[in-house]
Structures are given as C-alpha cells and as structure tokens.
Amino acid sequence: QAQLVESGGGLVQPGGSLRLSCAASGRGLSIYAMDWYHQAPGKQRELVAGITSGGSETYADSVKGRFTISRDNAKNTVYLQMNSLKPGDTGVYYCHGRIRRGLSPLADYWGQGTQVTVSS
C-alpha cells in the first residue's frame, strides 16, 4: 500500500513561482513513474508533467519552459517547480504515481490534490 501526500500549493501573483511536493509513504516502495495533473475549475484533468524511473521527462506544451518535474529517490518524493505562473495555471494539481510496494503488483495512486491560485 502507498499513499501520496501533496504540499506546496497556495496563492501567488502572476509571474510568481511555487514548488509542489508529493511524497509517497509506505515501506519498500519502488516508484516507476510519477506525474502531475492540473484540473481547472469546471475542466477536465490534464497531464502537465511526468517523469519515469529512468529520468525521462514529458511536459504539456502549455508549461514547457516554465515548469520542471524532478524526483528525489531517497525521499520517494516528486516535485513540480512552477515558474512564470499565469492565471490559467489556477486549479487543483494532483500527483499520480505508478508504484510497487515490495513484490506487490504495480499500481496507480493519486494524491488528494493541492490548490494553486494565480491572481493579482
């Protein structure tokens, strides 16, 4: 079993920065891939960034050059550094992970979401 706990959301002005964190809790975890999704109010949840166990990164076109995803394997934590924030970035950000616990099968886990509001 694994649980994803997110933090780092908040209210920022346009052009500002935030760093989101998502820590996977549990024993014997192997994280194969982790992703960040964004859901604007009334809109569908969309992938914004992902990183694999091999370090390959992917980004939505809308955040390329502004957002950076990274991992700290020792802490079982994934980060999303968000720079040059725009009002359109406002919404709930969800952490998703493809994770094994011990020898259990690979499974999908979702965080509870953290609110990001970009407003002047």
Side-chain angles (χ1 to χ4, degrees):
Q1 186 65 269
Q3 185 176 11
L4 305 182
V5 180
E6 304 171 14
S7 62
L11 173 64
V12 296
Q13 295 181 348
S17 297
L18 285 173
R19 191 191 192 199
L20 306 183
S21 299
C22 175
S25 62
R27 299 182 63 180
L29 301 182
S30 296
I31 301 175
Y32 283 69
M34 299 197 77
D35 313 286
W36 287 97
Y37 286 76
H38 170 235
Q39 187 166 21
K43 301 294 181 62
Q44 188 174 358
R45 191 176 301 183
E46 301 280 355
L47 177 70
V48 297
I51 187 167
T52 69
S53 60
S56 297
E57 303 169 24
T58 186
Y59 298 94
D61 289 340
S62 61
V63 307
K64 286 181 179 177
R66 300 189 298 122
F67 291 8
T68 303
I69 190 170
S70 61
R71 286 172 54 182
D72 186 336
N73 292 332
K75 297 180 179 179
N76 286 334
T77 300
V78 65
Y79 305 95
L80 185 66
Q81 179 66 47
M82 304 186 295
N83 299 326
S84 302
L85 283 162
K86 306 174 181 179
D89 298 320
T90 292
V92 180
Y93 285 77
Y94 295 91
C95 177
H96 165 263
R98 291 280 288 170
I99 301 171
R100 293 190 68 186
R101 184 173 183 266
L103 298 180
S104 298
L106 194 65
D108 292 294
Y109 296 88
W110 289 90
Q112 80 287 350
T114 185
Q115 176 70 40
V116 171
T117 302
V118 185
S119 176
S120 60

Decide yes or no on side chain to side chain donor-acceptor pair (under 3.5 Å) for N83 and S17, but give the supporting numbers first. CA-CA 4 Å; N83 299 326; S17 297; 2.9 Å; yes

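- Remark: the backbone N or O of K75 is paired with a side-chain donor or acceptor of T77 at under 3.5 angstrom.
- Atoms OH and CG, on Y32 and L106 in that order, are 6.5 Å from each other to the nearest 0.5 Å.
- In this structure, OG on S62 lies 8.5 Å from CD on E46, to the nearest 0.5 angstrom.
- Between D108 and R98, the closest heavy-atom pair is OD1-CD, 2.6 Å.
- For the pair K86 and D89, the salt-bridge criterion is not met [side-chain N within less than 4.0 Å of a carboxylate O].
- Shown here are the salt bridge (charged side-chain N to carboxylate O under 4.0 Å, His left out) partners of R19, two or more places apart in sequence or in another chain: there are none.
- A chain of hydrophobic side-chain contacts below 4.5 Å, direct or via other Ile, Leu, Val, Met, Phe, Trp or Tyr residues, connects L47 to V92.
- S120 places no side-chain N or O within donor-acceptor distance of the main-chain N or O of Q13, the cut-off being under 3.5 Å.
- Put simply, the side chain of R27 never gets that close to the backbone of R101: no donor and acceptor are under 3.5 Å apart.
- For T114 (side chain) and G9 (main-chain N/O), a donor-acceptor pair under 3.5 Å exists by modelled atom type.
- Ring pair W110/H96 is tilted by interplanar angle, where 30° to 60° counts as tilted.
- In this structure, the side chains of Y94 and Q39 come closer than 4.5 Å at one or more pairs of heavy atoms.
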Given the rule in the side chain to side chain contact (heavy atoms under 4.5 Å, CB included) test, do R71 and S53 qualify, once you have shown the distances and angles that lead to the verdict? CA-CA 9 Å; R71 286 172 54 182; S53 60; 3.7 Å; yes

Assess whether side chain to side chain contact (heavy atoms under 4.5 Å, CB included) is satisfied between T90 and S119, documenting all intermediate values. CA-CA 8 Å; T90 292; S119 176; 5.9 Å; no

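- Q115 and G91 make their closest contact through NE2-O, 3.6 Å (heavy atoms, listed as atom of the first residue, atom of the second, distance).
- Residue Q112 holds its CD atom at 8.0 Å from CD of Q3, rounded to the nearest 0.5 Å.
- The hydrophobic cluster containing I69, built from Ile/Leu/Val/Met/Phe/Trp/Tyr side-chain heavy atoms closer than 4.5 Å, also comprises L4, V12, L18, L20, L29, I31, M34, W36, V48, I51, Y59, V63, F67, V78, L80, M82, L85, Y93, I99, Y109, V116, V118.
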